[in-house]
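Just below is one structure, and these are the notes that go with it.
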Amino acid sequence: MAGQGRSMVVLTGSGISAESGLATFRGSGGLWEGHRVEDVATPQAWIRAPEIVHRFYNERRRQLMAANVVPNPAHEALARLQSTWQGRFTLVTQNVDDLHERAGSHGVLHMHGELLKVRCTSCGEVIPWQRDHGPESVCESCGRKGDLRPHIVWFGEMPLYMEAIEGALLDADLFVAIGTSGQVYPAAGFVELARRGGAHTVELNLEPSEVAFAFDETFYGPATETVPAFVDRLLGS
């Protein structure tokens, strides 16, 4: 395993935030208020029914900002690792919450966007946003009304920061995937890209992912237990 002073990439998925009080928005049959979740998270849905899309993300944002939703020991352990690690450290997340940042991590690459931001489809400005938004919302940059959309990568759109992520993976000595299903690409292919660059690969998950076979080491259990233990081991605590 790579030691201090070398390059590390950490990928996190929904499994790291599951113990922080964030409930799923998929109800019975994978539905939200009678809609398939995919139907409120696509560019086509935005064009067809923007009010529904706004409402879906407003509810998710309110939930994220609830008093009971806080970083857990897994988020805190990664923040401690980042502050201590002497080499290059890249934290990539599939999550749209801000729990890594609240725990103290910085420079997080949110490849699927961020729930607490909106993007103007007219001028392209990305704006921090912690209140509800809707068709009446006005862009603080260009002043246009009705052109603010969630700063979220929807189904059918390209994830963010891919060039930087791929470069970091090919340069990594250690790649760690935490709380990911291994079903969603391109993130599911990160382990193979890291292995191509010669990295040692580790999976921390509640149960084996779809790509568990590709990792050199695997550790299974709740993220609040496996991640702090792994960080302690890595730092020699």
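Side chain of Thr224 to main chain of Ala74: no donor-acceptor pair is present (N/O by atom type, distance under 3.5 Å, no hydrogens or angles).
Ring-plane geometry between His75 and His100 is classed as perpendicular, the angle between the planes exceeding 60 degrees on a 0 to 90 degree scale with a lower cut at 30. Classified by interplanar angle (parallel below 30°, tilted 30° to 60°, perpendicular above 60°), the ring pair Phe215/Phe175 is parallel.
Linking ILVMFWY residues whenever their side-chain heavy atoms come closer than 4.5 Å, directly or via other members, leaves Leu115 and Val118 in distinct clusters. Under the 4.5 Å side-chain heavy-atom criterion for ILVMFWY residues, a single connected hydrophobic cluster contains both Leu193 and Tyr161. Cluster membership for Leu91 and Leu204, using ILVMFWY side-chain heavy atoms within less than 4.5 angstrom, is shared. Placement of Phe155 and Ile47 in two distinct hydrophobic clusters is found when ILVMFWY residues are connected by side-chain heavy-atom separations under 4.5 Å, directly or transitively. No continuous path of ILVMFWY side-chain contacts below 4.5 Å connects Trp154 to Ile127, so the two sit in separate hydrophobic clusters.
A distance of 4.5 Å separates OG of Ser17 from CG of Asn95, quoted to the nearest 0.5 Å. Note that CG of Leu64 and OH of Tyr57 are 13.5 Å apart. Values are rounded to the nearest 0.5 Å. The CG atom of Leu11 sits 5.5 Å away from atom OG1 of Thr180, with the distance rounded to the nearest 0.5 Å. From Leu148, atom CG reaches atom SG of Cys142 across 7.5 Å, with rounding to the nearest 0.5 Å. The CD1 atom of Ile16 sits 13.0 Å away from atom CG of Leu206, with the distance rounded to the nearest 0.5 Å. The CZ atom of Arg149 lies 14.0 Å from the NZ atom of Lys117; values are rounded to the nearest 0.5 Å.
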Next item on the list: Could you please spell out the steps behind the salt bridge (Lys or Arg N to Asp or Glu O under 4.0 Å) verdict for Arg88 and Asp173?
Entry: CA-CA 10 Å; Arg88 180 182 178 186; Asp173 299 299; over 6 Å; no
Item checked: Phe190 vs Ile165, side chain to side chain contact (heavy atoms under 4.5 Å, CB included): CA-CA, chis, key distance, verdict -> CA-CA 9 Å; Phe190 286 179; Ile165 293 169; 3.6 Å; yes
Next item on the list: For the pair Arg60 and Asp97, evaluate salt bridge (Lys or Arg N to Asp or Glu O under 4.0 Å) and give the outcome as yes or no after the intermediate values.
Entry: CA-CA 9 Å; Arg60 293 190 67 188; Asp97 61 61; over 6 Å; no
Margin query: Working note: Glu114 + Asp98, criterion side chain to side chain contact (heavy atoms under 4.5 Å, CB included); need CA distance, chi angles, decisive distance, verdict.
Written below: CA-CA 7 Å; Glu114 299 179 66; Asp98 66 337; 5.9 Å; no
Notebook entry, point to check: Can Leu99 and Leu22 be said to form a side chain to side chain contact (heavy atoms under 4.5 Å, CB included), step by step?
Noted result: CA-CA 11 Å; Leu99 295 178; Leu22 283 175; 4.1 Å; yes
Next item on the list: For Arg61 and Asn58, run side chain to side chain donor-acceptor pair (under 3.5 Å): C-alpha distance rounded to whole Å, both residues' side-chain angles, the deciding distance at 0.1 Å, then the answer.
Entry: CA-CA 5 Å; Arg61 185 181 307 101; Asn58 286 339; 2.9 Å; yes
Next item on the list: May I have the step-by-step check of side chain to side chain contact (heavy atoms under 4.5 Å, CB included) for Leu234 and Val176, ending in yes or no?
Entry: CA-CA 11 Å; Leu234 198 59; Val176 185; 5.8 Å; no
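For Arg144, the salt bridge (charged side-chain N to carboxylate O under 4.0 Å, His left out) criterion is met by Asp147, not counting sequence neighbours.
Proximity of Glu140 to Glu125: side-chain heavy atoms (C-beta onward) are nowhere separated by under 4.5 Å. Using a 4.5 Å heavy-atom cutoff, the side chains of Ser122 and Cys139 are not in contact. Using a 4.5 Å heavy-atom threshold, the side chains of Asp132 and Arg62 count as touching. Taking 4.5 Å as the limit, every side-chain heavy atom of Thr90 sits out of range of all side-chain heavy atoms of Asp171.
With a 6.0 Å cutoff to the six-membered ring centre and a 45° limit on the axis angle, Arg131 counts as a cation-pi contact of Trp129.
Counting all heavy atoms, side chain and backbone alike, Cys120 lies closest to Cys123 at SG-N, 3.5 Å. Asn205 and Ser209 make their closest contact through ND2-CB, 3.7 Å (heavy atoms, listed as atom of the first residue, atom of the second, distance). Taking each heavy atom of Pro73 and Pro228 in turn, the nearest pair found is O-CG, 3.7 Å. Minimum heavy-atom separation, Thr84 to Arg80: OG1-O, 2.8 Å. Among all heavy-atom pairs drawn from Gln82 and Ser105, the shortest one is OE1-CA, 3.3 Å. Closest approach of Gln94 to Ala187, counting heavy atoms only: NE2-CB, 3.3 Å.
Atom CD of Glu163 sits in a sparse spot, with 12 or fewer heavy atoms from other residues, nucleotides or ligands closer than 6.0 Å.
In the model, Glu101 has a side-chain atom that pairs as donor or acceptor with a side-chain atom of His110 under 3.5 Å.
Legend: salt bridge (charged side-chain N to carboxylate O under 4.0 Å, His left out) pairs involving residues 192-214, not counting sequence neighbours, sorted by first then second residue: Arg195-Asp216.
Here the options are Asn72, Val10, Leu78, the test is side-chain contact (heavy atoms from CB on, under 4.5 Å), and the partner is Val227; only Leu78 passes.
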